[in-house]
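Notes to accompany the following structure.
Treat the numbers as computed from the prediction; the structure is a model and nothing was measured.
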Amino acid sequence: QVQLTESGGGLVQAGGSLSLSCGASGRTSSIHAMAWFRQVPGKEREFVARTFWNTMYTSYADSVKDRFTISRDRGLNTVYLQLNSLRPEDTAVYYCNALRVNPSVANYWGQGTQVTVSM
């Protein structure tokens, strides 16, 4: 009932920047929070950043704190992730996540976008 469409991934050199976006469609009125996760093949998906939809409260994983910035545009139903000072260890598939609370609790995921940071 919620569809997430991601864009912005690509190849960037270490120290560079990249901007990701995720647009939500469908039943968006009950979205409580949106987040970004990332996953390396063979590893568990890990939390990167989260923003609550109705407040400016945000949280970040320690590994990206002070380098990445999550933001949202409620009018566009879009969440963004600005990735600065990229490091090779940031290389992963980045997934957009939406948390719904009504009519039931549900998590939705985008298809992921590849971010590759070269030496």
### Query
For Thr69, which residues count as a side chain to side chain donor-acceptor pair (under 3.5 Å) partner, sequence neighbours excluded?
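Listed in chain order: nothing, the list is empty.
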### Query
How would you list, by chain and number, every residue that makes a side chain to side chain donor-acceptor pair (under 3.5 Å) with Asp90, sequence neighbours excluded?
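For Asp90, the residues satisfying side chain to side chain donor-acceptor pair (under 3.5 Å) (neighbours in sequence not counted) are Arg38, Arg67.
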### Message
Is there a side-chain hydrogen bond (donor to acceptor under 3.5 Å, both in side chains) between Ser17 and Asn84? Walk through the geometry before answering.
### Response
CA-CA 4 Å; Ser17 299; Asn84 296 325; 2.9 Å; yes
### Message
A side-chain contact here means heavy atoms from C-beta on lying under 4.5 Å apart; do Thr113 and Val93 qualify?
### Response
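Not touching, per the 4.5 Å side-chain cut-off.
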### Task
Describe, in one word, how the ring planes of Tyr94 and Phe68 are oriented to each other, choosing from parallel (under 30°), tilted (30 to 60°) and perpendicular (over 60°).
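Answer is tilted, since the angle falls between 30° and 60°.
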Is it the case that [X] and [Y] place a side-chain donor and acceptor less than 3.5 Å from each other?
X     : Y     : value
Ser21 : Ser7  : yes
Arg27 : Gln1  : no
Ser19 : Gln82 : yes

Suppose we screen for side chain to side chain contact (heavy atoms under 4.5 Å, CB included). Which residues come up paired with [X], at least two apart in sequence or across chains?
X      : result
Ser104 : none
Thr116 : Leu11, Thr91, Gln114
Asn54  : Arg74

With a 3.5 Å cut-off and sequence neighbours excluded, list the donor-acceptor pairs that the side chains of residues 30-37 form with protein atoms.
residue : atom : partner : partner atom : Å
Ser30   : OG   : Arg100  : NE           : 3.1
Ser30   : OG   : Asn102  : O            : 2.7

### Query
Distance from Leu76 atom CG to Thr28 atom OG1, nearest 0.5 Å?
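These two atoms lie 11.5 Å from each other.
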### Task
Look only at the side chain of Arg72 and the backbone of Trp53, and say whether a donor-acceptor pair between them is shorter than 3.5 Å.
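Indeed, once roles are kept as given, a pair shorter than 3.5 Å links the two residues.
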